[in-house]
**Q** 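The structure follows.
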Amino acid sequence: MIRDQAKTPGRAKSAAAAKASPAAKATGNQAAQSAAGKPAAKPATSKSGKGVIAVAPPSFRRERALLKQGIWPVAGCDEAGRGPLAGPVVAAAVILDPNRIPKGLDDSKRLSAEQREALFDKICKTSAFAVAFASPARIDRDNILRASLWALSRAVRALPEAPKHVFVDGRDRIDVDCHCEAVIGGDGLVMSIAAASIVAKVTRDRLMCALAQDCPGYGFEQHKGYGVPEHLAALDRLGPSVHHRSLFAPVVAARRKHQPWADVPEPDLFADVTVVTSSEIALGA
């Protein structure tokens with residue numbers, strides 16, 4: 001995210017602000033609410049109370065710079081679902097149309113569910129995109145990071161047109177057939193990554209609602225598999241389902257309670273190894 005620290009207003013500006021009528025302030029607030037389509041949030045203030053922290057929306061600046069160099073198409077990719085105890089990781093890759101960029105694109109975490117759904121439809125209508133999944137079994141086998149990077153790579157490779165440059169959210173680059181640039185906090189900085197974050201999030205939320213029909217009682221449709229108290233209570237009550245990630249600690253604890261026979265410890269490869277000292281080797285032991 002880009003954070004700009006606003007400078008403390010001077011005395012003259014403070015005096016002018018103090019004289020502003022309540023009606024004028026109300027009009028400004030109403031305009032902000034209308035533009036956002038929801039009640040305007042109060043700006044976050046610094047600890048000193050003297051400044052305002054403003055969060056800028058993602059921009060198309062990096063994609064446009066590459067386009068001017070003749071490098072196109074450019075894709076952004078992001079994933080959803082690294083943290084949950086159940087369900088897959090969903091990765092998405094998006095190539096925006098420079099002439100038809102949906103208004104309001106932002107990091108999916110900053111948007112409401114309704115805003116994400118509306119933008120998802122607009123992205124699908126105006127952009128090239130692809131989605132890939134890393135199942136709980138792959139997460140258990142490869143670990144969550146490697147499974148996520150694998151899914152991101154698969155999403156990029158599944159695009160209808162191979163990109164010449166890829167932006168990926170985070171600090172890790174992915175295995176693709178073109179230049180890949182990792183951008184920390186990219187879903188709040190790069191517009192194509194923000195679009196991918198929306199596609200990944202909406203796709204995964206819809207999938208978890210479908211899994212809730214397959215495995216009722218866990219509340220997947222509410223918490224989407226994250227380890228909230230309601231989910232932990234259901235795990236303790238019902239035990240893990242086939243959609244849970246077997247090696248995540250709360251799932252392991254639930255399996256040991258409900259399926260102790262299935263919790264077979266990994267063999268210790270060094271349990272029967274005899275340690276031989278250097279002196280014993282010298283003596284020919």
Side-chain angles (χ1 to χ4, degrees), residues 1-4 6 25-44 52-81 90-131 152 155-156 158-161 163-170 181 183-207 209 224:
M1 297 185 295
I2 297 177
R3 299 180 181 273
D4 298 321
K25 293 181 180 180
T27 302
N29 290 336
Q30 291 172 0
Q33 293 175 11
S34 176
K38 60 178 182 178
K42 295 182 179 179
V52 174
I53 298 174
V55 180
S59 74
F60 198 66
R61 178 178 57 83
R62 302 188 194 207
E63 295 94 333
R64 186 176 292 108
L66 291 169
L67 180 59
K68 289 180 179 179
Q69 299 174 36
I71 302 173
W72 197 263
V74 174
C77 56
D78 197 7
E79 46 72 30
V90 177
V94 175
I95 299 173
L96 292 171
D97 182 341
N99 299 316
R100 295 193 298 165
I101 299 176
K103 294 182 179 180
L105 291 180
D106 205 341
D107 177 359
S108 62
K109 296 184 291 296
R110 299 179 193 165
L111 302 170
S112 67
E114 293 75 15
Q115 289 173 320
R116 289 194 296 265
E117 287 284 347
L119 285 167
F120 176 87
D121 292 338
K122 293 178 181 179
I123 294 168
C124 293
K125 291 177 181 178
T126 61
S127 311
F129 68 96
V131 176
L152 287 164
V156 171
L159 285 167
E161 184 177 4
K164 295 182 180 178
H165 190 100
V166 171
F167 292 108
V168 59
D169 182 43
E181 184 176 346
V183 183
I184 297 175
D187 47 6
L189 296 172
V190 182
M191 196 166 284
S192 58
I193 298 180
S197 77
I198 293 170
V199 172
K201 174 64 174 170
V202 172
T203 301
R204 189 178 189 280
D205 284 356
R206 292 178 178 181
L207 175 62
C209 289
K224 308 302 186 291

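Both backbone and side-chain heavy atoms feed into the values below; hydrogens, waters and symmetry mates do not.
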**Q** Output the distance between atom CG (N99) and atom OG1 (T126), rounded to the nearest 0.5 Å.
**A** 11.0 Å

**Q** Could you tell me whether D187 and R110 have a side-chain N and a carboxylate O separated by less than 4.0 Å?
**A** no

**Q** Walk me through it: do E117 and V202 pass the test side chain to side chain contact (heavy atoms under 4.5 Å, CB included)?
**A** CA-CA 7 Å; E117 287 284 347; V202 172; 3.7 Å; yes

**Q** Any side-chain heavy atom of K122 sitting closer than 4.5 Å to one from K103?
**A** no

**Q** Kindly give the heavy-atom pair with the smallest separation between V90 and A200, and that separation in Å.
**A** O-CB, 3.6 Å

**Q** Can T203 and F120 be said to form a side chain to side chain contact (heavy atoms under 4.5 Å, CB included), step by step?
**A** CA-CA 9 Å; T203 301; F120 176 87; 3.7 Å; yes

**Q** If I take atom CG from residue L152 and atom CG from residue D78, how far apart are they, to the nearest 0.5 angstrom?
**A** 7.0 Å

**Q** Which heavy atom of S127 sits nearest a heavy atom of I95, and at what distance?
**A** CB-O, 3.3 Å

**Q** Report yes or no: does D169 contribute a side-chain atom to a donor-acceptor pair with the main-chain N or O of G186 at less than 3.5 Å?
**A** yes

**Q** Does this structure show an ion pair linking D205 with K201, if we count only N-O contacts that are shorter than 4.0 Å?
**A** yes

**Q** Do P58 and D106 come within less than 4.5 Å of each other through their side chains, counting heavy atoms only?
**A** yes

**Q** Can you confirm whether K164 sits close enough to V74 that some side-chain heavy atom of one is under 4.5 Å from a side-chain heavy atom of the other?
**A** no

**Q** What's the separation between atom CG in L111 and atom CD1 in I198, rounded to the nearest 0.5 Å?
**A** 5.0 Å

**Q** Rounded to the nearest 0.5 Å, what separation is found between the CZ atom of R61 and the CE atom of M191?
**A** 11.5 Å

**Q** Donor-acceptor check, side chain of Q115 to backbone of S112, threshold 3.5 angstrom: yes or no?
**A** yes

**Q** If every non-hydrogen atom of W72 is compared with every non-hydrogen atom of E63, which pair is closest and at what distance?
**A** CZ3-O, 3.9 Å

**Q** Minimum heavy-atom separation for A93 and L159, please, with both atom names.
**A** O-CD2, 3.5 Å

**Q** Can you tell me how far CZ of F129 sits from CG of L96, rounded to the nearest 0.5 angstrom?
**A** 12.0 Å

**Q** Begin from the C-alpha positions of L189 and F167 and carry the test side chain to side chain contact (heavy atoms under 4.5 Å, CB included) through to its verdict.
**A** CA-CA 11 Å; L189 296 172; F167 292 108; over 6 Å; no

**Q** Got L67 and P98 here, is their nearest side-chain heavy-atom distance under 4.5 Å?
**A** yes

**Q** Applying salt bridge (Lys or Arg N to Asp or Glu O under 4.0 Å) to R204 and E79, what does each step give before you reach the verdict?
**A** CA-CA 9 Å; R204 189 178 189 280; E79 46 72 30; over 6 Å; no

**Q** Restricting to non-hydrogen atoms, name the atom on C77 and the atom on A196 that form the minimum distance, rounded to 0.1 Å.
**A** CA-CB, 3.7 Å

**Q** Measuring from atom NZ of K224 to atom SG of C209, what distance do you get when rounded to the nearest 0.5 angstrom?
**A** 4.5 Å

**Q** How close do I71 and H165 get, counting heavy atoms only, and between which atoms?
**A** CG2-CB, 4.0 Å

